[in-house]
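For ligands, and for the atoms within them, numbers begin at 1 and follow the listed sequence. Index from 1, following the sequence. These figures come from a predicted structure and were not determined experimentally.
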Amino acid sequence: MRCLVTGGAGFIGTALANRLAEAGHHVRALDDLSAGDPSALHPEVVFTRGDVRDRPKLWTLLQKVDCVFHLAARVSVPESILYPREYNDVNVGGTVALTEAIRDAGVERVVLASSATVYGPQPSQPVNESAWPHPQAPYAVSKLAAEHYIFSLGELYSITTVALRIFNAYGPEQRVPPVHAPVIPHFVRNILSGASVVIHGSGRQTRDFVHIDDVVDALIAASEARDAHGKVINVGSGEETSLDDLVALLGELTGKRPDVIRNPQQGGGLPRLVADLDQARGVLGYFPHVPLREGLVEMIEEARVALRARRL
Ligand SMILES: NC(=O)c1ccc[n+]([C@@H]2O[C@H](COP(=O)([O-])OP(=O)(O)OC[C@H]3O[C@@H](n4cnc5c(N)ncnc54)[C@H](O)[C@@H]3O)[C@@H](O)[C@H]2O)c1
């Protein structure tokens with residue numbers, strides 16, 4: 001397969017591009033490096049720096065491509081509240097520009113990395129794809145709009161389209177930006193280095209943490225599945241873990257006692273969020289195989305090596 005991975009220097013994009021290249025596929029990666037870093041890409045991945053809204057560049061990159069994995073996006077919920085226009089421009093405008101270019105270049109299929117944040121608060125959990133979305137932040141609105149755009153334009157232009165609603169992905173090489181860091185790498189680093197971890201809300205709020213290897217499995221399955229056209233599909237672990245339980249598990253696995261600062265005044269987000277995986281199993285043959293405990297051990301080991309290297 002010949003494919004283009006937009007956002008290909010990001011956390012998920014790098015893991016996906018590398019797995020595809022290792023399997024012998026021809027992989028191009030596009031990223032503006034606003035958050036990504038191409039240094040960990042497999043040598044066979046052809047990297048281009050550029051914006052996903054740059055249609056002339058897309059035109060060149062899409063020649064002879066069979067499938068596009070569209071991952072390029074601004075990804076921070078809190079940042080999206082400060083800069084909603086930027087999130088709309090990149091996440092929605094980028095999807096529209098890309099889909100037009102896909103039509104013009106005659107690409108057959110696009111797989112969109114959407115997000116479980118589109119669900120917002122839901123009366124029942126695990127949440128399945130038929131739930132009515134209640135996106136609460138501009139980031140979530142932009143991902144839902146991107147889904148609608150690829151499905152409607154896909155129908156109009158005869159492009160096969162699939163959107164994966166990814167839950168909380170984590171894994172090695174996940175970056176820890178100075179603000180709004182993803183919870184697992186942030187907590188791992190702080191606990192190992194003796195810094196405190198701050199839990200907003202009650203600590204009983206739950207999330208579905210899914211390992212990057214499982215997310216990549218789902219993305220690749222979505223590029224091949226026969227009955228996936230026009231579907232939104234949850235990609236999670238199907239397991240529900242509270243932040244309190246996550247911190248306790250990290251304490252056990254690191255052998256350290258986490259210094260927890262509680263901030264119940266600040267909202268901790270949704271009370272519960274966990275994926276129903278029936279559709280993923282049925283359509284993609286997706287069965288997540290990395291248990292949280294195992295994934296955390298791997299991340300702790302990686303963070304230990306990084307901390308040691310910094311101290312040398
Ligand atoms: N990580 C998760 O838990 C998660 C959950 C749900 C959905 N997703 C989605 O998966 C995708 C990848 O997320 P990630 O966690 O790897 O984030 P990431 O920030 O590591 O990757 C996104 C990449 O897109 C690039 N990018 C941003 N704006 C761009 C633009 N205008 N043109 C070209 N490239 C641009 C960034 O430089 C970055 O490398 C995103 O679409 C995100 O919404 C991620």
Between S76 and H180, does a side-chain hydrogen bond (donor to acceptor under 3.5 Å, both in side chains) hold up when you go through it step by step?
CA-CA 7 Å; S76 160; H180 313 314; 4.5 Å; no
Residue list, salt bridge (Lys or Arg N to Asp or Glu O under 4.0 Å) with E108, at least two apart or on another chain
none
Not counting sequence neighbours, list each pair that qualifies as a ring-ring contact (aromatic ring centres under 6.0 Å, His included) and has a residue in residues 196-254.
Y170-H211
Run the salt bridge (Lys or Arg N to Asp or Glu O under 4.0 Å) test against R226 and tell me which residues pass, sequence neighbours left out.
none
Below 4.0 Å from any atom of ligand 1, which residues have a heavy atom? Give them in chain and number order, please.
G7, A9, G10, F11, I12, D31, D32, L33, S34, A35, G36, G50, D51, V52, R53, L71, A72, A73, V75, V90, A113, S114, S115, Y139, K143, I166, F167, N168, A169
I'd like to check C3 versus D66 (side-chain heavy atoms, cut-off strictly below 4.5 Å). Are they in contact?
no
To the nearest 0.5 Å, atom CD of E240 lies from atom CZ of R272 at 4.0 Å
